[in-house]
Peer 1: 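My questions all concern the structure below.
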2 protein chains.
Amino acid sequence: MSTIAIVIGEKYYNKDPQSSDLGKNIVSASMELMDELGFEQFTFRKLAERIKSTEASIYRYFDNKLKLLVYLTTWYWAWIEYVIDFRTHHIQDDEEKIREIIKIICHVDRDVIDIDLPGINISSLRRVVVSESDKTYLTKQVDEINNQGLFKVFKGLCHKIAMVLTGINPNYRYPHAIASTMLEASHQQAFFAQHLPSLTEVSEKSNISVEKQVYCFLEETTFKLLK
Amino acid sequence: MSTIAIVIGEKYYNKDPQSSDLGKNIVSASMELMDELGFEQFTFRKLAERIKSTEASIYRYFDNKLKLLVYLTTWYWAWIEYVIDFRTHHIQDDEEKIREIIKIICHVDRDVIDIDLPGINISSLRRVVVSESDKTYLTKQVDEINNQGLFKVFKGLCHKIAMVLTGINPNYRYPHAIASTMLEASHQQAFFAQHLPSLTEVSEKSNISVEKQVYCFLEETTFKLLK
DNA sequence: TTTTTCATGATAGTATTACTATTACGAATA
DNA sequence: TATTCGTAATAGTAATACTATCATGAAAAA
């Protein structure tokens, strides 16, 4: 049984967390602790306590918690891109392809997405991404982070989706705008369904899963826009 | 010449900031300082220094900076709703109405939106809303804040827009989802154009303003979806 | 085997943040 | 004249976001 490794470039960290047990522990525990506490309440001190290490040791891997969040979300997007490649490379038809992509983005078919990854709790990570990922760019440090190339993976994913959209309708003028809007909406609508239900028709009370409902919404939306 | 007052309910504050000079100063200066520093770097201490008052005095008006941000964004949405009412009450046709609403949301026609409001710099406030408003709900305190009714104004606006959409096509299944997605997208796309241009076709380099481009994108999107 | 390197742990320290509490002052009101 | 009330001044606390130093123990190099 083989295992996949998502490799994250060195600009994302001071010391590669995949290179040591402590590092793997930091990544693994930070996903769960950030899920539990939320980004604001999450601190390196609490993380150190959880993994029985020290603040100083964690700082050797990541400059600060924002950089750690950027690392975690990048890991998630790299993983999503891997799953997309894996599950769409054999599909010729772009319409079929985009359906599969939206499915993956919306986290429908959990069983297929949740391939066994050592030390990674995809469900935790997904909740972190839904609730916290926007904070990677909604900060005065956006330009700095962006100049360091730390949004490259997300941009690449957005572009990949935009290319499929262009394949369906080469005359559509907003492929990237729609791709980024859809990526954001896939999180927002799930979040709203849970916390601010009057902002969406997607409902936790339906007998269809929230993920499936968001998929239906985005699928319908995408195809209507491309006509 | 008359002046309009946007009245914000008492659950949003400890002491009504509109009831004193100090209060008005807090609101007015916090918009500008939060615009300058961003939510994370903004503190009550810095705000107190700016207005030559004290931390303790500001705490008498607002519990903490998250509540202040909720107040500011609520003020913004109440203002947007006022402008929508003012500029669409005479329009019968729902299609025409939604165009006007999207225009207002996207901040096209600055001159009309920027009615003189004492102590309020709408441009500053708008930038704060674009960059920081999502943080009002992307926190572990969402449910608490929501239970206090502090998202009512935003929800009301979303519902108002959804009703107009339903007026255009009573069979469309996602009026609220589309309204919330559009409200979010109107900020995101403008933000992306400025900081992460590869995520959108909206460009600062065009000779059409970013606001107008976002308007065109949302207008096209809305009408395609309602067919 | 000894030495060097290196990762981590232990400990401590600093400036800042997010508050809370107490008291005092000065203006308006009773 | 006394009282109330809003604000300022000051101080204090626990926690945060780091930085720095040094000890230790294991692995790698000599």
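Here is the naming used below: chain letters follow the sequence lines, and residue numbers restart at 1 for every chain. Keep in mind it's a predicted model, so treat the numbers as computed, not measured.
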Peer 1: Using ring centroids (six-membered ring only for Trp), state whether B:Phe191 and B:His187 fall under 6.0 Å.
Peer 2: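 No, too far apart.
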Peer 1: Taking side-chain contact (heavy atoms from CB on, under 4.5 Å) as the test, write out the residues that go with B:Val164, two or more places apart.
Peer 2: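 Once residues adjacent in sequence are excluded, the partners of B:Val164 under the side-chain contact (heavy atoms from CB on, under 4.5 Å) criterion are B:Asp94, B:Lys97, B:Ile98, B:Ile101.
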Peer 1: Within the distance-only criterion (no hydrogens, no angle test), does the side chain of B:Glu201 pair as donor or acceptor with the backbone N or O of A:Ala177 below 3.5 angstrom?
Peer 2: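 The answer is yes, because a donor-acceptor pair under 3.5 Å joins these two groups.
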Peer 1: Salt bridge or not for A:Arg87 and A:Asp109, using N-O below 4.0 Å?
Peer 2: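 Looking at A:Arg87 and A:Asp109, the cut-off is met.
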Peer 1: Test of understanding: with salt bridge (Lys or Arg N to Asp or Glu O under 4.0 Å), list the residues that count as partners of A:Glu132, not counting sequence neighbours.
Peer 2: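 With neighbours one apart ignored, the set is A:Lys135.
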Peer 1: Encode nucleotides 7-21 of chain C as B, S and - characters from 5' to 3', where the letter depends on protein heavy atoms closer than 4.0 Å: B to the base, S only to sugar-phosphate, - to neither.
Peer 2: SBB-------SBBBB
Peer 1: Hey, is the main chain of A:Ala185 close enough, under 3.5 Å, to the side chain of B:Glu184 for a donor-acceptor pair?
Peer 2: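 Not at all, since once roles are kept as given, no pair shorter than 3.5 Å links the two residues.
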Peer 1: Taking side chain to side chain donor-acceptor pair (under 3.5 Å) as the cut-off, I'd like each qualifying pair that reaches into residues 18-31 of chain B, sequence neighbours left out, listed once.
Peer 2: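 Non-adjacent pairs meeting side chain to side chain donor-acceptor pair (under 3.5 Å): B:Ser20-B:Tyr61.
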Peer 1: Can a donor-acceptor pair be found, under 3.5 Å and without considering hydrogens, that links the side chain of B:Asn147 to the backbone of B:Asp143?
Peer 2: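 Here the side-chain-to-backbone pair exists.
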Peer 1: Are any protein N/O atoms closer than 3.5 Å to N/O atoms in nucleotides 28-30 of chain C? If there are, list each pair with its distance.
Peer 2:
none

Peer 1: Strictly below 4.0 Å, N to O, side chains only: are B:Glu36 and B:Arg50 in salt-bridge contact?
Peer 2: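 Yes, this pair counts.
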Peer 1: Assess whether a salt bridge exists between A:Lys140 and B:Glu40, defined as any Lys/Arg side-chain N lying under 4.0 Å from an Asp/Glu carboxylate O.
Peer 2: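 Not counted as a salt bridge, because no side-chain N and carboxylate O are separated by less than 4.0 Å.
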Peer 1: Along DNA chain D, 5' to 3', what are the outermost nucleotides having an atom less than 4.0 Å from a heavy atom of chain A?
Peer 2: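 Reading along DNA chain D, I get D:dT16 to D:dA20.
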